[in-house]
Structure formats: structure tokens, C-alpha cells
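Here the structure is a predicted model, which means the values were calculated and not measured.
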Amino acid sequence: MVGVTPTNAKLRARAIRILSEILGIQAPDAQKLLDGAGGAIPVAILMHRMDLDPDAARRKLKEAGGSLRYALELV
């Protein structure tokens, strides 16, 4: 479900829960991360896991052909 686009309050709450669970962080931190990622869950995950800024995370995701799994494996 990391591909969900939080276009309304219900989906935004779901995206925050997803980030909280995947990353093991509290909801307020997940919300800040999601905001920083422009609402893109995969970008937020890369930002957190690889300590990247949003632009670098987007580039990494693009280099991986849009695959979060492969982006996390790229060094």
C-alpha cells in the first residue's frame, strides 16, 4: 500500500499509519516526513531510511525505475 496517494483526509491518515508501522516512528514524526516528501510514501521511506533530502530520494527512486525495493538496495 505504499503506492497510495493521500488525496483526502482518510487516505492521508492511512499514509501516516503506513509510515508509522513501516518505519517504527510515531504518527507526528510520520506526518512531518510525509509533508517533507510532498505526500509520496516511497519518497518518505527513502528519506528516512537513507537519510536523504526529498530531491535526492526522488532521484534515487527514479534511478530504481520507481521500485522502492530496488531503490533501498542501491548504494
Side-chain angles (χ1 to χ4, degrees):
M1 286 296 295
V2 298
V4 67
T5 304
T7 56
N8 60 41
K10 182 178 176 182
L11 292 176
R12 183 166 176 73
R14 181 180 296 166
I16 292 169
R17 282 194 310 273
I18 290 169
L19 285 173
S20 293
E21 285 185 32
I22 289 174
L23 300 175
I25 60 178
Q26 297 296 316
D29 295 328
Q31 184 174 352
K32 289 177 190 172
L33 195 57
L34 188 63
D35 290 343
I41 296 172
V43 172
I45 292 170
L46 286 172
M47 287 170 58
H48 182 79
R49 289 266 173 95
M50 301 183 96
D51 195 27
L52 300 172
D53 63 63
D55 291 333
R58 283 187 196 90
R59 281 193 304 274
K60 178 76 77 176
L61 191 59
K62 186 176 180 180
E63 289 171 10
S67 170
L68 178 59
R69 174 179 283 160
Y70 292 130
L72 287 167
E73 294 173 358
L74 291 175
V75 178

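The structure places CG of L34 at 5.0 Å from CZ of R12, a figure rounded to the nearest 0.5 Å. The distance from the CG atom of L68 to the CZ atom of R49 is 8.5 Å, given to the nearest 0.5 Å. The distance from atom CD1 of I16 to atom CG of D29, rounded to the nearest 0.5 Å, is 11.0 Å. To the nearest 0.5 Å, atom CZ of residue R58 and atom CG of residue L52 are 11.5 Å apart. A distance of 9.0 Å separates CG of N8 from CZ of R14, quoted to the nearest 0.5 Å. In this structure, L33 CG and I41 CD1 are separated by 10.5 Å, a value rounded to the nearest 0.5 Å.
Cluster membership for L19 and L11, using ILVMFWY side-chain heavy atoms within less than 4.5 angstrom, is shared. Side-chain heavy atoms closer than 4.5 Å link hydrophobic residues (I, L, V, M, F, W, Y) into clusters, and following such links, possibly through other members, connects V43 to M50.
Closest of all the heavy-atom pairs between G36 and P54 is O-CG, 3.2 Å. In terms of heavy atoms, S20 sits closest to A30 at OG-CB, 3.5 Å.
Residue E63 qualifies as enclosed at atom CD: its count of foreign heavy atoms under 6.0 Å is above 12.
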Starting from the C-alpha separation in whole Å, work towards a yes-or-no answer on side chain to side chain contact (heavy atoms under 4.5 Å, CB included) for H48 and I22.
CA-CA 11 Å; H48 182 79; I22 289 174; over 6 Å; no
What's the verdict on side chain to side chain contact (heavy atoms under 4.5 Å, CB included) for D53 and M47, showing C-alpha distance, side-chain angles and the deciding distance?
CA-CA 6 Å; D53 63 63; M47 287 170 58; over 6 Å; no
